[in-house]
Amino acid sequence: MSVIEPVVKLEKNGQIAVITLNRPEKLNAFNVEMRDQLYEIILMIKDDPTVYAVVICGAGKGFCAGADLTEFGTRPTVIEKRRIRLQRDLWEEIRRLPKPIAAVLHGFAVGSGLEMSMLCDFRFAAPDTILSLPEAKLGMLPAAGGTQSLPRLMPQGLSLEFAFNGNRITAVEGYKKKLISKIINSEVLLETAIHYMKKVVAKNAKSSAMIKSLVADSMDVSLQQGILREKILVERSWLMK
């Protein structure tokens, strides 16, 4: 009897959680099942004290080809999608995950696949990885926070050009535009990313989590509020010693 594999797999490498998008026959296109499984895994990781950092990668030929358009316009309806999004805001859970998180890109990161990676703290990519936000060409809008994440990584003019045109660029070009954190040869891509994340949390996982939280929230508050929150967390960390 054949075993049906999950469309999102979770493994551990030491104290690093490795999440694999696992629909290789569909180029890891994002569907409802994948969204639900990834949402549950992110919540589980958030509450797991043995996990210090996270790496997200894709099985097969690429990271993620974006939304599965075979489901678009069928299930659920637009109203139902909005209701589910409010109940299960996967993108916000990834953005605010209180642990460092990296996306490992190869082959292609398109549409919501690229948007998901932009919600992560780091984006490591093989040199020839294709990056694109094609929604405008399809008469659509990026639906996973792309319009907000992009200008926080790239200059506004470059962000508009990239989103308006829906053009494809390589990861090397993305690195020059500040979209990609580091270019790594594909042969050692995942291994190097995991090693990097281990170094990030090696000295003190709690400090890494606090820094992640402060930086992630800095865009949502004034400088004065952010500095006050930093002061509170610093004092709290001293009390915990």
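Computed from heavy atoms alone, side chains included, the values below leave out hydrogens, waters and symmetry copies.
Smallest separation of non-hydrogen atoms from I183 and A171: CD1-O, 3.5 Å. Considering every non-hydrogen atom in both A193 and V104, the closest pair reads CB-CG2, 3.5 Å. The two residues T129 and A126 have their closest heavy-atom pair at OG1-O, 2.8 Å. Of all non-hydrogen atoms in A67 and S112, the two that sit nearest each other are N-OG, 3.3 Å. The two atoms that bring Y39 and D89 nearest to each other are CE1-N, 3.8 Å, heavy atoms only. Closest of all the heavy-atom pairs between K61 and H106 is C-NE2, 3.5 Å.
Between the side chain of N22 and the backbone N or O of P6, at least one donor-acceptor pair lies under 3.5 Å. No side-chain donor-acceptor contact under 3.5 Å links R123 to the backbone of L105. Side chain of N28 to backbone of A59: a donor-acceptor contact under 3.5 angstrom is found. In this structure a side-chain-to-backbone donor-acceptor pair under 3.5 Å is present from N165 to E161.
No continuous path of hydrophobic side-chain contacts links I19 to I194 [ILVMFWY only; heavy atoms under 4.5 Å]. Cluster membership for V201 and V51, using ILVMFWY side-chain heavy atoms within less than 4.5 angstrom, is not shared. Linking Ile, Leu, Val, Met, Phe, Trp and Tyr whenever their side-chain heavy atoms come within less than 4.5 Å puts V8 and L119 in one cluster. With hydrophobic clusters built from ILVMFWY side chains whose heavy atoms lie under 4.5 angstrom apart, F108 does not share a cluster with I169. The cluster map of Ile, Leu, Val, Met, Phe, Trp and Tyr, joined by side-chain heavy atoms under 4.5 Å apart, puts Y52 and I41 in different clusters.
No more than 12 heavy atoms of other residues, nucleotides or ligands shown are found within 6.0 angstrom of NZ on K182. No more than 12 heavy-atom neighbours from other residues, nucleotides or ligands sit within 6.0 angstrom of CD on Q156.
In terms of the side chain to side chain donor-acceptor pair (under 3.5 Å) criterion, residue partners of E173 (sequence neighbours excluded) are, by chain and number, T170. With sequence neighbours excluded, the residues that form a side chain to side chain donor-acceptor pair (under 3.5 Å) with K12 are T50. By the salt bridge (charged side-chain N to carboxylate O under 4.0 Å, His left out) test, K46 is found to be paired with E93, residues two or more places apart in sequence or in another chain being considered.
A distance of 10.0 Å separates CD1 in I42 from NZ in K99, rounded to the nearest 0.5 Å. Here the straight-line distance linking atom CG of L90 with atom CG of L43 works out to 9.0 Å at 0.5 Å rounding. Interatomic distance, S159 OG to L153 CG, rounded to the nearest 0.5 Å: 8.0 Å. To the nearest 0.5 Å, atom CD1 of residue I101 and atom CD1 of residue I56 are 3.5 Å apart.
Counting only heavy atoms from C-beta outward, the side chains of W91 and E115 never approach each other to under 4.5 Å. A heavy-atom distance below 4.5 Å is not found between the side chains of K26 and V7. For the pair F63/L114, no side-chain contact is recorded, criterion being any heavy-atom separation below 4.5 Å from C-beta on. By the 4.5 Å heavy-atom criterion applied to side chains, L131 and I180 are counted as neighbours. Under the 4.5 Å side-chain criterion, counting only non-hydrogen atoms from C-beta, H195 is in contact with K199. With a 4.5 Å cut-off on side-chain heavy atoms, D121 and V200 do not count as touching.
Aromatic ring pairs are classed by plane angle as parallel below 30°, tilted from 30° to 60° and perpendicular above 60°; the pair F124 and Y196 is perpendicular.
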Would L150 and L133 count as a side-chain contact (heavy atoms from CB on, under 4.5 Å) if you check the C-alpha gap in whole Å, the side-chain angles of each, and the deciding distance to 0.1 Å?
-> CA-CA 10 Å; L150 198 58; L133 289 179; 4.0 Å; yes
Would you please test K178 and L158 for side-chain contact (heavy atoms from CB on, under 4.5 Å) and show each step?
-> CA-CA 10 Å; K178 311 299 183 184; L158 291 177; over 6 Å; no
Let me see the working for I45 and L10 under side-chain contact (heavy atoms from CB on, under 4.5 Å), right down to the final yes or no.
-> CA-CA 10 Å; I45 286 171; L10 173 63; 4.0 Å; yes
Verdict with supporting geometry, L38 and M116, side-chain contact (heavy atoms from CB on, under 4.5 Å) | CA-CA 11 Å; L38 184 55; M116 176 167 52; 3.7 Å; yes
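No option in E11, M197, K198 other than M197 meets the side-chain contact (heavy atoms from CB on, under 4.5 Å) test with V55. No option in E33, M34, R35 other than E33 meets the side-chain contact (heavy atoms from CB on, under 4.5 Å) test with Q37.
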